[in-house]
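Position 1 is the first residue of the sequence; numbering continues from there. In each ligand, atom 1 is the first atom listed, and ligand 1 is the first ligand listed.
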Amino acid sequence: VTESSGPVAALVSVGNELLYGETVDTNAAWLARSLAALGLPVVRKYTVGDVRGEIREAVRAATAAADLVVVSGGLGPTSDDVTKEAVAELLGRELRLDRELVRALEERFRARGYATLPTPNVSQAEVPAGATVLRNPHGTAPGLVLEASGSLVVLLPGVPRELRGIFEGDLATALRERFAGRLAPVHHRVIHTTGVPESRLAELLEPRLPADMGPVKLAYLPDLRGVDLRLSAKGVSEQEAHTWFDRIEHAIEPVVREWRFEAPSGDAAEALLIALEREGKRLAVAESCTGGLVAKRLTDHPGASRVFAGGVVAYDNEVKVRELGVPETTIRREGAVSEPVARRMALGAAERFGVAAAVGVTGVAGPGGGTESKPVGTVWVGLALDGTSETRLLQLVGDRHSIRERAAQEAIASLLRLLRRSFPGS
Ligand code: AMP
Ligand code: MG
């Protein structure tokens with residue numbers, strides 16, 4: 001991004017809590033994504049405390065480096081918020097009371113049953129001379145825009161909802177106008193995969209990629225659930241970008257087909273819900289080591305009730321027996337983490353909930369509880385579909401959190417693959 005020939009942006013995040021590590025700077029991440037999408041890539045980020053001198057220095061450096069500087073935080077009504085004063089000082093602007101803003105604030109407080117404006121809030125109606133005011137649909141601190149020797153400096157409140165509201169409203173419009181004709185938006189296409197490690201995917205994929213990728217860059221974005229392949233193109237029209245994306249996607253399709261899934265949210269659980277709904281089948285779950293994670297993942301998606309019937313968190317062996325009909329003797333002979341138990345959990349859930357499809361998950365999440373034959377990370381997944389069943393053994397790595405996340409993901413993805421095999425085209 002640093003080679004960008006168009007206008008570029010820099011971010012200044014203000015707040016002691018950011019330096020202490022108590023608050024994660026989600027504003028900077030969100031702003032960087034939103035600005036890149038708009039065609040204003042971020043080339044630098046600064047984080048400073050609520051200290052006038054520090055803010056001045058950061059904003060000074062940022063304006064030297066970028067055409068747009070977005071400062072977030074420190075616009076609250078109390079004396080610990082000093083961003084506006086610091087920037088006004090740096091740019092040699094006086095603070096003046098904006099009558100219009102005072103009226104709007106009074107109105108806002110009256111609507112909430114306050115007869116008068118609290119004194120601290122009056123300071124929020126003070127505006128540096130020459131600044132443009134951006135409406136804040138969700139709060140009292142307005143956004144402010146200032147011209148500063150060739151750069152545009154924007155001040156936004158730190159509360160994420162307020163910052164986003166202002167950005168998506170007045171600010172995006174102002175930026176499009178100000179940088180009209182010079183913006184180079186980045187176009188994206190994401191291909192979701194799960195069940196294949198990043199390095200293996202790269203090894204298989206690289207020889208298939210067209211020698212000429214045009215304006216397209218390929219990034220591998222792995223997390224606990226899988227690897228997203230992100231194609232991005234800058235400096236071309238949307239149509240041209242998508243023509244390139246189509247060409248590249250076509251070339252790599254045979255390699256990624258096995259692991260690929262499609263879902264608007266990027267979550268394989270949603271892909272599973274869509275596939276089941278298409279086949280007119282409903283789903284139940286029986287979870288031991290994932291403790292309800294699979295059910296949670298499914299019910300994260302609105303409309304899950306059309307497909308998801310329910311589940312049993314069968315943590316105690318007694319629950320596996322009583323609620324799912326797993327034979328006690330099987331548990332005693334094979335252990336709770338075993339192939340036949342996973343199978344019987346899935347079949348039991350399908351039967352008890354009266355549905356066509358089910359998954360069962362039983363494993364050793366750790367950190368304790370592992371044995372030589374069943375080390376931490378040993379997970380059995382059982383799948384039931386239309387009265388038939390199959391199982392998968394997983395050897396997962398990582399801490400308890402990672403093992404549970406991966407087990408839930410594998411359970412979801414395994415059923416999705418079984419469905420696809422059983423009903424090609426779903
Ligand atoms: P402020 O505008 O500085 O009064 O910030 C108000 C609140 O917004 C803070 O208490 C934080 O919870 C939150 N906040 C401030 N800056 C950020 C940031 N960069 N990322 C996420 N949250 C933030
Ligand atoms: Mg603050």
Side-chain angles (χ1 to χ4, degrees), residues 8-38 40-63 65-66 68-91 95 98 101-102 104-105 108-109 112 117-128 131-146 152-172 175:
V8 296
L11 304 178
V12 180
S13 301
V14 182
N16 291 337
E17 72 275 20
L18 303 172
L19 292 180
Y20 296 152
E22 281 162 8
T23 301
V24 176
D25 189 353
T26 56
N27 285 345
W30 189 87
L31 284 169
R33 256 199 322 273
S34 306
L35 287 168
L38 209 62
L40 284 157
V42 169
V43 292
R44 286 190 198 188
K45 297 181 183 180
Y46 302 83
T47 306
V48 293
D50 295 289
V51 180
R52 283 180 197 225
E54 298 280 340
I55 299 169
R56 270 201 318 267
E57 264 321 296
V59 174
R60 191 205 311 274
T63 49
L68 168 71
V69 176
V70 183
V71 186
S72 79
L75 292 188
T78 51
S79 59
D80 55 334
D81 289 311
V82 295
T83 300
K84 195 165 54 185
E85 289 79 357
V87 172
E89 243 166 63
L90 173 71
L91 304 182
L95 288 178
D98 184 313
L101 273 175
V102 176
L105 281 172
R108 192 181 168 91
F109 276 87
R112 283 154 196 227
L117 189 60
T119 315
N121 285 99
V122 175
S123 70
Q124 294 190 303
E126 288 180 344
V127 170
T132 309
V133 173
L134 306 172
R135 273 168 306 153
N136 180 346
H138 304 299
T140 53
L144 297 168
V145 183
L146 295 129
L152 203 62
V153 177
V154 178
L155 310 187
L156 298 175
V159 181
R161 184 169 124 88
E162 298 185 23
L163 173 136
R164 294 174 192 198
I166 296 173
F167 189 102
E168 285 165 349
D170 285 358
L171 183 55
L175 293 178

For Ile166 versus Pro142, what's the shortest heavy-atom pair and its separation?
CD1-C, 4.3 Å

Note: ligand 1 atoms sitting under 4.0 Å from heavy atoms of Thr26 are 20 (N), 21 (C)

For ligand 1, find out whether one of its N or O atoms is nearer than 3.5 Å to an N or O atom of Gly158.
yes

Enumerate the atoms of ligand 1 whose separation from the nearest heavy atom of Gly73 is less than 4.0 angstrom.
2 (O), 3 (O)

Of the backbone atoms (N, CA, C, O) and the side-chain heavy atoms from C-beta on, which set of Val24 has a member under 4.0 Å from an atom of ligand 1: side chain, backbone, both, or neither?
backbone

salt_bridge(Arg52, Glu85) N-O dist < 4.0 Å
no

Here the pair of heavy atoms bringing Leu75 nearest to Leu156 is CD1-C, 3.4 Å

Indicate yes or no for a side-chain donor-acceptor contact from Asn16 to the backbone of Asp50 under 3.5 Å, with no hydrogens or angles considered.
yes

Short question: side chain of Asp170, backbone of Leu134 - any donor-acceptor pair under 3.5 Å?
no

for atom 1 (P) of ligand 1, nearest protein heavy atom and its distance come out as Gly74 N, 3.5 Å

For Val159 and ligand 1, does the shortest N/O to N/O distance drop below 3.5 Å?
yes

Could you tell me whether Thr23 approaches ligand 1 through its side chain, its backbone, both or neither, with non-hydrogen atoms closer than 4.0 Å?
side chain

Which of Val153, Leu35, Leu38, Val8 passes side chain to side chain contact (heavy atoms under 4.5 Å, CB included) with Leu68? It is Leu35

Would you say ligand 1 has an N or O under 3.5 Å from any N or O of Asp25?
yes

Which residue and heavy atom of the protein sit nearest atom 10 (O) of ligand 1, plus the separation:
Glu17 OE2, 4.0 Å

The atoms of ligand 1 lying under 4.0 Å from a heavy atom of Leu18, numbered in the order shown, are 18 (C), 19 (N)

Between Asn27 and Ser72, what is the shortest heavy-atom contact and its length?
ND2-OG, 3.8 Å

Might you point out which heavy atoms bring Gly49 and Leu19 nearest each other, and give the distance in Å?
N-CD1, 3.3 Å

Return yes or no for this condition: an N or O of Asn27 is under 3.5 Å from an N or O of ligand 1.
yes

Any non-hydrogen atom of Pro160 lying under 4.0 Å from ligand 1?
yes

Using heavy atoms and a 4.0 Å limit, tell me yes or no: is Ala28 in contact with ligand 1?
no

